[in-house]
Amino acid sequence: MQVGSPVPADDLDIASMDTSPSARLFSLDLPSRVKRYMEQHSRSKDYTVLHAYIDGLHLDNDAPQNIVSLDVFKQNVTRKNSSDFRNLVNKAVTEKDWENVITHDVFWTELPADPLSHFDFDSSRQLQRSWTSTFACREVVERLEEHVRNQIKAPHLHARYCSIIQSSGMGKSCLLDEFSKLHFVIPVNLRASTSGYPPPDVAVRDFLTPFNNRYEDEHWQETSYSRASHFLFSLFIHTKDVVVRFGAEEKKDCVKRFREFMSKGQRFGHVGYNRWKFYNDVVTRAKMDFDDKAITTPDRQKLQDAFEELRECICIQEPSRKSTTVDVFIMFDEAHSLTTLWPNCGGLSNFTELQRALTIFSWSSLFTFFLSTTGKISQSMPPAYQTPRQPRAFIELGFDQLMTDRRIPDRYPTLEAVTSLECISHMGRPLWGTMYDHGDISVHNKILLFAIQKLLGSNEGVARSEAQEYAILSQRLALDINSAAYVSVPSTSIREKTLDQIANHMQVCVEIGEENENIRGIAASEPILSEAASIIMRNTDFQWLNTLRTIVPAFSVNVGDRGELLVAAFLTQARDMAISLKPSLPPPECCSHFLVKDLFKSLFFEKTFKSMFQSIPSICLSTSKKLRFKKVAAVAHMHFNHFIKAQEQKVTSHQYLLGFIARGAAVLGANGQPGFDAVLPYLFETTNLDISKLGFIIIRVENDGNNSEPDADMFLKMDPFTCGLLDKLDVDGCFRIPIIRIVFSLRGEGAVVTPMRYSTPSEGASLDNFDERGEPRFVAYDFWCSGIGPDLLQPVGNAHAQWAGLLKPGGPWRSFYDSSPAPDELRSQFPMGSCEESHWKRWLRVVKEREI
């Protein structure tokens with residue numbers, strides 16, 4: 001039987017239709033026998049014949065995937081509301097357009113009886129729906145357009161292409177989809193698996209990557225280049241054929257209709273029929289022209305002519321071409337699938353040969369994007385191919401786009417609000433917020449689990465590898481935010497580990513240096529990921545000490561000049577212990593605030609914290625009550641689940657600290673920060689985000705054995721007015737909210753906390769900051785913590801000698817914003833890094849810096 005030929009009605013044999021090769025039909029018009037059968041039985045619930053036809057339609061090996069079995073299909077119809085599906089079939093019979101039926105998910109995925117038990121299925125549906133939502137950051141599209149203009153105007157450019165590099169969930173594919181609404185984009189997805197979205201174009205991927213896993217062909221380079229050239233030629237020919245069929249009268253109509261054509265029927269796990277058929281035809285034509293024995297390539301002029309014919313079909317009213325314009329874009333998503341290096345070939349790969357093929361169009365109005373989660377694609381051009389200037393990668397996708405219309409404190413005015421899943425899922429990359437916005441309660445319940453899986457780069461819930469442990473610690477302790485201070489000059493090994501953290505563990509790429517070298521990633525302030533790391537640490541046998549002892553040498557991590565990183569680790573562990581003692585939150589909530597009292601009870605052993613709780617203020621206003629520390633700690637509310645490293649000293653001032661607590665961050669002081677090493681804000685006697693109620697804990701760390709005895713001069717340097725935390729004009733002369741100051745003398749003798757007592761207030765507060773009555777302007781509870789010995793700090797336990805062995809010096813910080821063409825977007829990827837407005841404005845109603 002010929003494909004699509006009519007068959008007598010009495011020849012209807014359902015069994016043979018399921019298995020016979022003659023059932024491999026590749027026309028969207030159903031054969032007449034199936035049409036007649038469906039017209040007669042469309043009101044029934046028996047869709048056996050329809051299933052048989054769809055099965056035959058996709059039996060070919062080049063199909064995106066096989067459909068579900070007949071039994072599963074019948075179950076799906078029942079679970080998917082069979083009346084709706086029946087109406088869809090009836091409509092197809094009437095309108096003779098069966099594509100919406102053929103691409104329906106009842107044929108492709110086993111629908112769960114209990115949606116709560118299938119996280120991947122639920123999340124895939126919400127991710128698919130999220131693509132229909134309004135793109136959150138139009139200015140990023142404009143930045144990409146400007147980036148393209150700058151690239152094509154640059155001299156000595158190898159070819160008209162660039163990489164778009166960023167970690168998962170940052171919106172690379174969504175950005176290009178939005179870009180394709182304005183420009184003619186041919187999308188190609190080379191994803192290695194079918195588990196992601198958008199789904200892969202399997203035929204193209206397999207055609208362009210034949211040597212990723214085998215190297216027996218001695219002509220790898222020539223063969224790969226030939227494949228790439230024949231693919232491009234066939235791509236232009238078939239794209240032109242599709243565009244001609246549109247019959248569009250303007251370029252914008254071509255842009256719109258081609259995007260609709262390529263995205264119609266697209267679902268999680270498989271492309272739509274149009275796109276599958278399109279690339280099946282493209283690759284079939286390329287295979288016909290390609291001869292892996294003769295290794296022929298299309299004539300250079302023939303390739304250029306094929307592209308020019310396509311361009312003329314798109315630019316209907318623009319027959320001439322300007323050298324500074326781009327009319328056609330090709331997007332290779334998941335381009336790192338091409339980068340597997342061939343052995344002993346000087347850095348060559350399928351990717352380098354595709355790039356070489358694209359150089360034919362260096363002066364054409366064609367531009368190519370390579371999207372990837374790894375910076376390797378920006379470094380894969382071998383020296384023999386390189387020219388004086390390589391295209392700069394685009395990395396400035398930004399952060400907090402979904403917070404623009406829900407800024408703090410306008411939308412979230414309390415600690416209860418900012419710790420809600422709704423709030424923390426909208427901070428950071430758009431992945432979490434789109435899941436929340438387009439998901440139901442079953443999806444909300446699993447967002448944290450999804451964050452854990454993404455952080456670990458695995459579906460396993462337990463950290464197993466060195467890279468996973470580093471990823472967890474980075475989200476809590478800012479190991480890599482101050483990479484020059486904590487990480488020595490990166491070796492090749494460190495660079496590879498950085499690339500892995502960006503590609504597989506959600507670090508954000510913030511810098512790619514000249515010639516796309518010196519890639520830097522950071523664990524940016526992202527509360528949902530920090531809470532995910534906290535959950536891993538609390539629910540598994542996570543060994544802080546052993547992990548740090550492994551990570552410090554393996555990743556060239558430095559613990560800070562005086563051991564600040566160790567104290568941050570102690571405080572973070574104490575926070576987790578305090579959270580664990582609180583009642584469990586109702587799902588899907590996962591993040592809690594807590595009291596200063598809870599933090600101190602978890603940081604110090606019982607004997608110590610009870611003694612501290614009986615302390616009275618070390619510095620006090622004459623008009624203030626001398627409350628016991630226990631009463632103050634019992635009404636001081638905190639929220640932090642991670643530390644960040646400040647890049648600018650004045651960002652730790654009082655006017656910014658409300659933003660830190662709102663985002664769940666404690667802050668390590670900037671390099672050279674006078675007076676202190678860390679600040680942990682809290683709200684006094686309220687959970688409202690009221691700056692007039694904002695207090696803080698000031699931490700200073702000493703790593704000098706000579707400072708074993710309490711030293712009042714240290715606290716004098718920690719005067720909040722002297723070190724810039726407070727300003728007399730900002731607090732109406734006096735600051736009446738109690739503050740807490742602690743000096744950790746890590747090499748001090750003994751293991752004891754001493755409340756500070758001063759013979760005169762001027763011993764602990766600078767005379768320069770006294771008021772007109774000769775009194776200090778603040779209230780402070782001061783403590784000197786000597787040593788890290790036994791029975792002092794609960795996170796240390798009896799392993800004080802091992803913790804002390806981690807103390808090492810650090811190095812300087814270097815800013816990288818000036819090198820970026822979009823410094824504001826880069827700053828948004830580092831929330832709270834400095835006082836620059838771009839670190840804050842998308843998610844917080846910014847407090848303007850006071851003019852002096």
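None of these values were measured; they are calculated from a predicted model.
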Polar side-chain atom of Asp677 near backbone of Val701 as donor-acceptor pair, under 3.5 Å: yes
Between Phe830 and Phe399, is the gap from one ring center to the other below 6.0 Å? no
For the pair Arg700 (side chain) and Met718 (backbone), establish whether a donor and an acceptor sit closer than 3.5 Å, ignoring hydrogens and angles. no
How far does OG1 of Thr687 sit from OH of Tyr682, to the nearest 0.5 angstrom? 16.0 Å
Would a 4.5 Å heavy-atom cut-off, applied to side chains only, mark Phe629 and Phe783 as touching? yes
For Glu466, what residues pass the salt bridge (charged side-chain N to carboxylate O under 4.0 Å, His left out) criterion, not counting sequence neighbours? Lys497
Mind telling me whether Phe600 and Phe613 have parallel, tilted or perpendicular rings, with 30° and 60° as the class edges? tilted
Given side chains that start at C-beta, do those of His426 and Asp437 come closer than 4.5 Å, heavy atoms only? yes
Are side-chain heavy atoms of Leu689 and Leu415 found at a separation under 4.5 Å? yes
Does the Ser602 side chain pair with the main chain of Leu599, one donor and one acceptor, at a distance under 3.5 Å? no
Indicate whether any N or O donor in one side chain lies under 3.5 Å from an N or O acceptor in the other, for Asn671 and Gln673. no
Heavy atoms, side chains only, cut-off 4.5 Å: are Glu422 and Arg406 in contact? yes
Minimum heavy-atom distance Val753-Pro755, with the two atoms named: O-CD, 3.7 Å
Any donor-acceptor pair under 3.5 Å from Ser534 side chain to Ser530 backbone: no
Counting only heavy atoms not in Lys631, do more than 12 sit closer than 6.0 Å to its NZ atom? no
The single option from Arg663, Arg476, Arg538 that satisfies salt bridge (charged side-chain N to carboxylate O under 4.0 Å, His left out) with Glu531 is Arg538
For the residue pair Asn798 and Pro790, what are the closest heavy atoms and their distance? OD1-CB, 3.4 Å
I'd like to check Val443 versus Tyr436 (side-chain heavy atoms, cut-off strictly below 4.5 Å). Are they in contact? no
Taking only Lys NZ, Arg NE, NH1 and NH2, and the carboxylate oxygens of Asp or Glu, determine whether Arg845 and Asp410 approach each other closer than 4.0 Å. yes
Any heavy-atom pair between the side chains of Phe594 and His637 that's under 4.5 Å? no
Do Ile502 and Ser167 come within less than 4.5 Å of each other through their side chains, counting heavy atoms only? yes
Near Asp405 CG, under 6.0 Å, is it more than 12 heavy atoms from other residues, nucleotides or ligands? no
Is the backbone of Lys601 close enough, under 3.5 Å, to the side chain of Gln794 for a donor and an acceptor to pair up by distance? yes
Look at the side chain of Ser624 and the backbone N and O of Cys620, then say whether any donor-acceptor pair between them is shorter than 3.5 Å. no
Between His654 and Phe735, is the ring centre distance below 6.0 Å? yes
Heavy-atom closest pair (Leu585 atom, Cys591 atom, distance to 0.1 Å) is CD1-O, 3.3 Å
Closer than 3.5 angstrom, by distance alone: can the side chain of Ser618 be matched with the main-chain N or O of Asp782 as a donor-acceptor pair? yes
Hey, does Ile424 have a side-chain heavy atom less than 4.5 Å from the side chain of Thr419? no
Closest non-hydrogen atom pair, Ile697 against Ile742: CG2-CD1, 4.3 Å
Looking at Gln501, is its backbone amide N or carbonyl O close enough to the side chain of Asn504 to form a donor-acceptor pair, meaning the two atoms are under 3.5 Å apart? no
Kindly say whether the aromatic ring centers of Tyr656 and Trp840 come within a distance under 6.0 Å. yes
For Cys590 and Leu448, work out which heavy atoms get closest and say how close. CB-CD2, 3.6 Å
Distance-only, no hydrogens or angles: does the Gln468 side chain make a donor-acceptor pair with backbone N or O of Ser465 under 3.5 Å? yes
His642 NE2 to Leu473 CG distance, which is reported to the nearest 0.5 Å: 14.5 Å
